[in-house]
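The structure under discussion appears below in the form of structure tokens.
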Amino acid sequence: MSQFYKLNELKEAKQLIANNPRFRTVCFNFEVGKGLPKHSHSGYATIHVIKGEISMSFSNGESYELNSGDFLEFDARIEHDVLATLESQVLVTISASLE
């Protein structure tokens, strides 16, 4: 069964968009200074900034400043965090476990 969402109408801080055996997609709405603390997953992930601006830092020293429309694919097994520097909406997709 297909699901359709109007992302600009989602107001919850965290909304599960898709969950199946291959991947999980979550929409986050972050206030300035909010985000996700250091964490990791057992697969790969993408983050797409729908609106706003976020910073991401990784335990391997990499860091990124992402603005509206930016997209990042990354190895989510590397510990990382997300911090909103502006009010932001992001779409995160996490692959199934590689382990």
Side-chain angles (χ1 to χ4, degrees):
M1 181 175 163
S2 298
Q3 294 289 323
F4 175 77
Y5 294 93
K6 291 187 177 208
L7 297 178
N8 61 349
E9 294 179 4
L10 298 178
K11 302 301 178 200
E12 296 84 9
K14 179 180 178 180
Q15 170 96 31
L16 184 64
I17 301 296
N19 192 21
N20 62 56
R22 299 278 183 200
F23 65 88
R24 180 174 77 237
T25 302
V26 181
C27 182
F28 291 97
N29 287 297
F30 296 129
E31 297 174 12
V32 175
K34 302 291 184 180
L36 301 170
K38 289 223 176 274
H39 66 285
S40 62
H41 304 280
S42 57
Y44 285 88
T46 65
I47 187 165
H48 179 199
V49 180
I50 305 298
K51 71 174 183 177
E53 180 181 280
I54 63 162
S55 63
M56 286 188 71
S57 61
F58 293 81
S59 62
N60 65 1
E62 290 182 37
S63 63
Y64 298 90
E65 301 297 323
L66 303 167
N67 299 298
S68 294
D70 289 349
F71 179 90
L72 176 67
E73 177 271 327
F74 59 97
D75 185 343
R77 298 171 295 179
I78 300 169
E79 191 174 61
H80 57 279
D81 63 10
V82 177
L83 180 67
T85 52
L86 293 175
E87 185 175 311
S88 300
Q89 183 180 50
V90 299
L91 203 57
V92 176
T93 300
I94 304 159
S95 74
S97 175
L98 298 175
E99 299 171 355

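Sequence neighbours left out, the pairs with a member in residues 21-30 that pass side chain to side chain donor-acceptor pair (under 3.5 Å) are Thr25-Thr93, Asn29-Gln89. For the salt bridge (Lys or Arg N to Asp or Glu O under 4.0 Å) condition, no pair includes a residue of residues 40-50, sequence neighbours left out. Among residues at least two apart or in separate chains, salt bridge (Lys or Arg N to Asp or Glu O under 4.0 Å) pairs with a member in residues 71-86 are Lys38-Asp81, Asp75-Arg77. Listed by first and then second residue, the salt bridge (Lys or Arg N to Asp or Glu O under 4.0 Å) pairs involving residues 82-91 amount to none (not counting sequence neighbours). Sorted by first then second residue, the ring-ring contact (aromatic ring centres under 6.0 Å, His included) pairs that include residues 6-26, not counting sequence neighbours, number zero. Residues in residues 58-69 take part in no salt bridge (Lys or Arg N to Asp or Glu O under 4.0 Å) pair, two or more places apart or across chains.
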Which donor-acceptor pairs under 3.5 Å do side chains of residues 1-11 form with protein atoms, sequence neighbours excluded?
from: Lys11; atom 1: NZ; to: Asn8; atom 2: O; distance (Å): 3.0

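Summarising the geometry, atom OG belonging to Ser57 is positioned 8.5 Å from atom CG belonging to Leu83; distances are rounded to the nearest 0.5 Å. If you take OG on Ser95 and NE2 on His41, they are separated by 9.5 Å, rounding to the nearest 0.5 Å.
In this structure, Phe74 belongs to a hydrophobic cluster whose other members, linked by side-chain heavy atoms under 4.5 Å apart, are Leu16, Val26, Phe28, Phe30, Leu36, Ile47, Val49, Ile54, Met56, Phe58, Tyr64, Leu66, Leu72, Ile78, Val82, Val90, Val92, Ile94.
Taking Ser40 as the reference, nothing meets the side chain to side chain contact (heavy atoms under 4.5 Å, CB included) condition, with sequence neighbours excluded. Applying the salt bridge (charged side-chain N to carboxylate O under 4.0 Å, His left out) rule to Lys14 yields no partners; only residues at least two apart in sequence or on another chain are considered. Under the rule for a side chain to side chain contact (heavy atoms under 4.5 Å, CB included), the partners of Ser68 that lie at least two apart in sequence or sit in another chain are Lys51. Under the ring pair (Phe, Tyr, Trp, His ring centres under 6.0 Å) criterion, His48 pairs with no residue at all, not counting sequence neighbours.
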